[in-house]
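None of the values given here were measured: they were computed from a predicted structure.
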Amino acid sequence: MLIKLLSGDLPRSRLLSALLVAIVLGLLCAPFLFSGARPLNTAATICVYIVLVASYDLLLGYTGIVSFAHTMFYGIGAYGVGIALASVDEPTWGAIAWGVVAALVLTVALAFVIGLFALRVRAIFYAMITLAVASSFAVLASQLSDFTGGEDGRTFSVPELLSPGFTLVDHDVFGRAVDGKLVTYYIVFAGCLLLFLFLLRLVNSPFGRVLQAIRENEFRAEALGYRTVVYRIWANVLAAVVAALAGALMALWLRYVGPKTSLDFEVMTDILLIVVIGGMGTMYGAVVGATLFILAQNYLKTLMGQAAEMASGVPLLAAALHPDRWMLWLGVLFILSIYFFPIGIVGKLRLRRARG
């Protein structure tokens, strides 16, 4: 059953299997393991970024396509839900459905057009085209303030079942109130799990094998009779659709949508870093990479503050560990991860297992 659920793509490493089980169980039980809003927000962000990074790896790791427009599709999904809910007097599930459908229609249209006209060029030229389109869309979203909220973005209400004030049961469960926030978290968790399993099935299907053949040698794939441009366009569309759905889930969780949270180029750089850390060409790399990166983003500064207090007797060390320098140490950790795991953490663990 587990083999079928994972589409036959097992971790193939005991350490990797243990790490993946720990991450999944941690995300599943996060609301009951930790108190406060920050841990739950971190867990929800990890769930969304796993799917977002995995969808980008479908392009970069499995097809060999370098695109900078992925955050645009992520933002379209988020804005679709946000604008739909902000435009109605009373938030309903129907409004969410219409927002998601409208976002997916726009996503498919843009992804198809970009793929149709841009995927015929190669390497850096295609990357530059996608960067130009994504930048134009971000500027457009900022300027249409009456529609999108501009730089300030838009806050919106959600259906009563998802609102923090809603209580599903009167008594606590394992010391945790079963409120709308908890329901929203498990909707995000379940949605991200289904999307990840879909991507895992996709890359292990005959379609995914053709994408990998295109990545390795496009000329030979064409010689075998595959229309490589069609496959590349389909990969672009499918990755964009999953990214848009991830954006919709993130908007539901935050109850806010804005250019900084969904369209900023910093989101794109985070995706690229996570893909490299986890390992390109492996869906499990998105799980490990996103978990480690988001945890470091949220807690490295706090840990450095505690370390600086402990090292207060050594002024030079305390200054080096000052919380304001957390970005520097995050960069150092990234460099170390590239040095010790040049093919990503998951790639290294699988290679170690194969050699063993």
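In summary, Arg176 and Asp179 do not engage in a salt bridge, as defined by a charged side-chain N under 4.0 Å from a carboxylate O. With respect to Asp9 and Arg350, a salt bridge is recorded, a charged nitrogen being found less than 4.0 Å from a carboxylate O.
Residue pairs satisfying the side chain to side chain donor-acceptor pair (under 3.5 Å) criterion with at least one member in residues 64-79, sequence neighbours excluded, are listed as follows: Ser55-His70.
A 6.0 Å sphere centred on CG of Leu224 holds more than 12 heavy atoms belonging to other residues, nucleotides or ligands. With a 6.0 Å radius and a threshold of 12 heavy atoms from other residues, nucleotides or ligands, Tyr226 has its OH atom at or below the threshold. In this structure, Phe147 places its CZ atom where only 12 or fewer heavy-atom neighbours from other residues, nucleotides or ligands lie under 6.0 Å away.
No donor-acceptor pair closer than 3.5 Å links the side chain of Arg232 to the backbone N or O of Arg227.
Ring orientation note: the planes of Tyr186 and Phe189 are nearly perpendicular, at an angle over 60° on the 30°/60° scale. Phe68 and Phe265 have tilted rings, their planes meeting at an angle from 30° to 60° on a 0 to 90° scale.
When side chains are defined from C-beta on, Ile76 counts as touching Leu110, because their heavy atoms get closer than 4.5 Å. Put simply, the side chain of Thr184 does not reach to within 4.5 Å of the side chain of Leu161, judged on heavy atoms.
Judged by the 6.0 Å distance and 45° axis criteria, Lys301 is not positioned over the aromatic ring of Trp329.
Between Tyr256 and Phe156, a ring centre-to-centre spacing not shorter than 6.0 Å is recorded.
In the hydrophobic clustering of ILVMFWY residues, with side-chain heavy atoms under 4.5 Å counting as a link, Met327 and Val332 come out together.
Just one of Val288, Thr291, Val346 meets the side-chain contact (heavy atoms from CB on, under 4.5 Å) condition when paired with Leu20; it is Val288.
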